Structures are given as structure tokens and as C-alpha cells.
Colleague: 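One structure coming up, written as C-alpha cells, with questions to follow.
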Number of protein chains: 2
Amino acid sequence: MSPDADHPPKRRPTRAETKARTRRLLLDAAARTYARKGFAGASVEEVAEAAGFSIGAVYSNFGSKERLFVELLKERASEQVSRATRIMADAQAGDDPVPALGRLLANAADKDPDFAPLQAEFWLYAVRNPPLMETLAEELRGPRAELESLMGKALEHVGAAGSVPADAVATIAMALFQGLLRQRRIDPASVPDELLGQAMQWLLAGIAASGTTSGAPGPAHPDAPAATDDPAAADRPEENR
Amino acid sequence: MSPDADHPPKRRPTRAETKARTRRLLLDAAARTYARKGFAGASVEEVAEAAGFSIGAVYSNFGSKERLFVELLKERASEQVSRATRIMADAQAGDDPVPALGRLLANAADKDPDFAPLQAEFWLYAVRNPPLMETLAEELRGPRAELESLMGKALEHVGAAGSVPADAVATIAMALFQGLLRQRRIDPASVPDELLGQAMQWLLAGIAASGTTSGAPGPAHPDAPAATDDPAAADRPEENR
DNA sequence: GTCTATATCAAGATAGAC
DNA sequence: GTCTATCTTGATATAGAC
């Protein structure tokens with residue numbers, strides 16, 4: 001609406017700029033606070049104080065406590081997953097993906113202790129509010145497609161492209177990541193850094209072994225659903241013995 | 001207090017018996033209510049009403065809201081995991097573990113919709129209360145040992161015993177189960193019933209392929225963890241920290 | 001746009017009736 | 001041992017000052 005905002009932020013802090021800054025600070029504080037105490041367990045006063053503001057700032061920028069959480073979910077849910085996918089892409093690019101995936105797990109678990117609880121809060125909130133579950137699913141669709149194509153390349157790399165839909169491998173990879181992250185908080189010793197990368201290696205090796213029997217080429221299923229989600233992933237591998 | 005309670009409950013509802021019955025009803029109602037609305041989001045009045053009692057009954061049997069939740073955690077955390085492990089054992093016993101693991105996933109996801117949210121609540125509560133995290137870890141140690149020996153047998157079955165610690169495979173299996181369970185709630189189409197069983201099959205096949213090269217034993221991967229063929233690993237949980 | 005003060009209400013917990 | 005009534009606190013949300 002106001003055409004004055006076409007200058008890069010240089011000297012004069014625009015009204016809309018300070019508001020955007022306050023908004024970001026509040027969202028960051030909300031992420032920390034909701035991760036630490038939970039959505040229902042944390043008060044908006046705690047969030048506001050964590051950001052260095054008072055209650056009024058929250059209600060000025062967001063309408064209610066729920067809206068604040070939903071805005072946070074929309075910003076963070078996709079951001080976090082895309083970050084994980086990007087690191088997975090780097091892991092794939094290098095010769096040995098194991099240490100890269102290990103760093104991914106270690107960073108998400110130890111360096112950012114609020115990540116996993118916040119993800120759990122998002123999931124619980126979405127489960128309890130069906131309309132927002134759809135929103136969460138949509139937010140995750142983009143990063144998930146990236147992960148899917150990444151897994152497709154990984155399948156090609158082990159010579160198992162087409163034998164198994166990349167969709168299934170992407171789901172497994174994501175489930176493994178989140179599950180190991182949670183388990184590491186309960187018992188860190190049981191989830192060493194390398195476990196995620198090793199599991200993915202074993203998984204891909206197993207797919208390769210199941211698809212092509214003992215190195216004999218010839219994928220029995222040349223159908224390769226590239227980007228569309230294929231619910232009929234019940235394509236069972238040939239018996240390996 | 002009264003030593004009259006050594007009779008089997010036949011005709012006279014003992015004072016301690018009715019109290020135990022109330023306790024169980026309250027715990028069941030607490031499980032449902034906390035799963036549906038969360039620990040902080042649900043009031044003790046809701047729990048009491050869901051059980052058919054009033055607030056006083058809760059405070060008579062449990063001291064506080066927190067104690068009620070902790071008692072529920074101690075009862076349910078181990079029960080649920082042991083149930084999953086038992087079904088996995090059945091899956092292992094049969095010729096084709098894929099459909100059995102599929103039923104496990106489908107049952108936990110669809111037939112008992114409160115299971116996954118309650119597990120998430122347990123985890124979040126434990127993460128936020130370090131002393132209870134130790135309790136949760138201890139509760140899970142028993143069922144986890146069973147799962148570990150089960151995975152040891154699975155490794156033997158594919159001829160990869162000793163190449164990889166069963167401990168790691170158990171961790172991966174559990175992470176997969178919980179991760180797929182969560183993902184199924186967000187997008188059911190992306191997690192078909194057979195996915196868990198297939199992932200486990202691929203994983204074991206990959207371990208067999210990586211560990212024993214065409215039947216020759218010996219770990220060939222330098223980045224593999226210390227390959228300890230310790231069959232007593234199931235009986236002996238690792239020392240913490 | 002942000003803060004202070006406050007209205008309103010719900011929830012945890014307790015005391016005494018039955 | 002369980003219920004009813006109540007105390008007390010803390011939290012959401014709002015209204016007006018600066």
C-alpha cells in the first residue's frame with residue numbers, strides 16, 4: 001500500500017519494518033517457549049517476556065494464542081524439513097553419506113534441542129485440529145517432493161531404480177529421522193551419530209539386493225512413479241534367500 | 001491396612017477392591033483424555049467426568065494432576081511397547097512377517113487412535129522433566145531387550161549375526177515404527193500397511209549383503225560400528241552415560 | 001505500535017458432608 | 001472413598017495511556 005518501502009533498510013526504521021522485526025522476535029520466542037513448555041503449558045506472557053515484549057505486542061501482531069501458534073507452524077514446519085532435506089542432499093552428493101547424515105542427526109538432536117519437541121507439538125496440534133492437519137500436510141509437501149527425488153537418485157545410484165517407488169523410500173527415511181531423533185532424547189547412547197546414515201545404507205543395499213537377485217540385472221518392475229504419490233506401494237520385493 | 005483382603009473378589013466388594021476399580025477407570029479415562037487434549041490442555045475435571053466420577057475421586061486416588069499422569073506413564077509406556085514387541089515376535093515366527101507388521105502398524109494407527117498421541121505426550125513430558133525421562137527409559141528397557149533379542153534372531157535368520165549389533169537394529173526398528181505411525185496420521189496414503197514390514201525386510205537384506213559378502217563372513221565396511229557378536233546383549237542393557 | 005491495568009473465567013487443589 | 005462447594009491462582013483477552 002505505501003510505496004515508500006522500496007528502499008533497502010538503511011537508516012530509517014520504517015513502521016512496517018519494526019513491526020516485522022517484532023513479529024519475527026515473537027515467533028522465535030514462541031518457538032523456544034512452546035518447545036520448552038508446550039502449547040497449552042506456556043502462557044502468552046511467557047512468550048512475550050521471552051521476546052522482550054509485553055502481552056499487548058502479541059495480541060497486536062497476532063490475534064490470539066492459537067493464531068500465534070498456527071503462524072509459527074506454517075513458518076517452521078516447512079523450514080525445518082527443507083533444512084533436513086538439504087543436508088541430506090549434501091550427504092548424497094559426497095562420497096560417504098554416513099557422516100553427513102550423522103551430523104544432521106546430531107545437530108537436530110543436540111545443537112537444537114527445541115527442534116524435536118516443537119515438531120512433536122506441531123504434530124499433536126495438527127492431530128487434534130483436523131483442518132490444520134491438512135495445512136501441515138500441505139506445508140510438508142514441497143520439501144517432501146525434494147526428498148523423494150533425492151531418494152530416486154539414491155535408488156539409481158545403487159542400481160535399484162524402478163524396482164521400488166521413491167515415494168516409499170522417502171517416507172521411510174523421514175520416519176527414521178524423526179524416530180531416531182526422539183529415541184536419542186530418551187537414551188542418547190542407543191542412537192550414535194552414524195546410525196541414521198548406516199540405516200539408510202543398509203536400506204538401499206537391501207532394496208538393491210531384493211530388486212536384483214545377487215547382482216543379476218533386470219528390474220522386474222520398470223514402472224517408476226517419479227513425483228506423484230503412489231498409494232499402491234504394496235509392491236513386495238522378490239523373495240531373497 | 002486391613003488384612004481381610006486376602007480373599008479373591010467374589011461377593012463382597014472390598015473397600016480396597018472398589019478403590020482399585022476406580023483407580024483403573026480413572027487411568028483409562030486419563031489415557032483417553034490426555035491423548036485427545038494433551039496433558040496441559042485437559043483438566044482433571046474432564047478426566048474425572050470421562051471416568052464417571054467427580055474431581056474428588058482423582059485427588060483421593062492420586063495426589064495431583066501430575067501424579068496421575070506419571071502413574072499413567074508408568075503403566076502404559078511399557079505395556080504398549082511390549083505389545084508391539086510381542087506382535088513383532090509373531091511376525092517373525094510366521095513365514096511372511098510383512099503382513100503381521102502391517103497389522104501392527106494399522107492397528108496402532110487406526111484401531112487405537114489414542115496410542116500415538118499418548119506416546120507423544122509421554123515423550124514430551126519426559127523431555128521436559130529430566131527425572132521422569134530416566135523413569136521412561138527404565139520402563140522401556142525391558143520390552144526393548146525383548147525386541148533386541150528378536151532382532152538378533154532375525155539377523156541370524158538372514159545370516160548376518162555378529163556383523164551388526166542387534167542393539168542398533170532394535171533401535172532402527174522402533175524408530176521406524178514410531179515414525180511411520182506419526183506420518184500415517186498426517187498423510188495416510190503415504191504409509192501403506194506393508195511399509196513397515198517391507199522396510200524391515202530391506203534393512204535385514206541390506207545388512208546381510210553388507211556384512212557377509214556372498215556368504216563370506218566379516219564386516220567389510222570400515223565405517224561400521226564395532227561389530228560385537230555378543231548374544232547376551234539382550235539381557236544386558238548398556239550402562240547409561 | 002507497544003505497554004499497563006484490568007475484566008473475566010477456568011482450572012488446580014482443599015474442606016467438610018454423606 | 002467419593003461427592004459438593006469453595007478458595008485461590010493464573011491465564012486469555014481487552015481498553016485505554018503514551
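Sequence lines set the chain letters: A, B, ... in the order given, protein chains first and strands last, and positions in each chain run from 1. These figures come from a predicted structure and were not determined experimentally.
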Colleague: Tell me which nucleotide among D/dG1, D/dC3, C/dT4 gets nearest to the side chain of B/Ser54.
Modeller: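 So the nucleotide nearest the side chain must be D/dC3.
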
Colleague: May I have the distance from B/Arg23 (atom CZ) to D/dG1 (atom P), rounded to whole angstrom?
Modeller: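 Those two atoms, CZ and P, are 13 Å apart.
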
Colleague: Whole angstroms only, please: what is the CZ-C1' distance between B/Arg67 and C/dT14?
Modeller: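 Distance, rounded to whole Å: 16 Å.
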
Colleague: Rounded to the Å, how far apart are A/Lys19 NZ and C/dG1 P?
Modeller: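 About 5 Å, once rounded to whole Å.
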
Colleague: Quick one: list whatever passes salt bridge (charged side-chain N to carboxylate O under 4.0 Å, His left out) with B/Arg24, sequence neighbours left out.
Modeller: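 For B/Arg24 there are no salt bridge (charged side-chain N to carboxylate O under 4.0 Å, His left out) partners, ignoring immediate neighbours.
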
Colleague: Are A/Arg184 and A/Ser190 linked by a side-chain donor-acceptor pair shorter than 3.5 Å?
Modeller: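 Note: A/Arg184 and A/Ser190 side chains miss the donor-acceptor criterion.
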
Colleague: Would you mind telling me which of C/dC3, C/dG1, D/dT2 lies closest to the side-chain atoms of B/Ser60?
Modeller: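 Among the listed nucleotides, the one closest to the side chain of B/Ser60 is D/dT2.
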
Colleague: List in chain and number order the residues that pass salt bridge (charged side-chain N to carboxylate O under 4.0 Å, His left out) with A/Arg23, two or more places apart in sequence or in another chain; answer none if no residue qualifies.
Modeller: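 Partners of A/Arg23 by the salt bridge (charged side-chain N to carboxylate O under 4.0 Å, His left out) criterion, ordered by chain and then number, come out as A/Glu71.
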
Colleague: Ignoring hydrogens and angles, write down the donor-acceptor pairs under 3.5 Å from the side chains of residues 98-108 of chain A, residues two or more places apart or on other chains.
Modeller:
none

Colleague: Between B/Thr22 and D/dG1, is there a side-chain N or O to OP1/OP2 distance below 4.0 Å?
Modeller: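 Answer is no, no contact under 4.0 Å.
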
Colleague: Going by ring pair (Phe, Tyr, Trp, His ring centres under 6.0 Å), name the residues that satisfy it together with B/Phe39, two or more places apart in sequence or in a different chain.
Modeller: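 If we apply the ring pair (Phe, Tyr, Trp, His ring centres under 6.0 Å) test to B/Phe39, skipping adjacent residues, the hits are B/Tyr34, B/Phe69, B/Tyr125.
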
Colleague: Output one letter per nucleotide in nucleotides 11-18 of chain D: B when a protein non-hydrogen atom lies under 4.0 Å from the base, S when only the sugar-phosphate is that close, - when neither is.
Modeller: SSBB----

Colleague: Which pairs count as ring pair (Phe, Tyr, Trp, His ring centres under 6.0 Å) when at least one residue sits in residues 171-191 of chain A, sequence neighbours excluded?
Modeller: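 Every pair satisfying ring pair (Phe, Tyr, Trp, His ring centres under 6.0 Å) with a residue in residues 171-191 of chain A: there are none.
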
Colleague: Taking CD from B/Glu49 and C1' from C/dG12, how many angstroms apart are they, rounded to a whole number?
Modeller: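 To the nearest whole Å, that distance equals 15 Å.
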
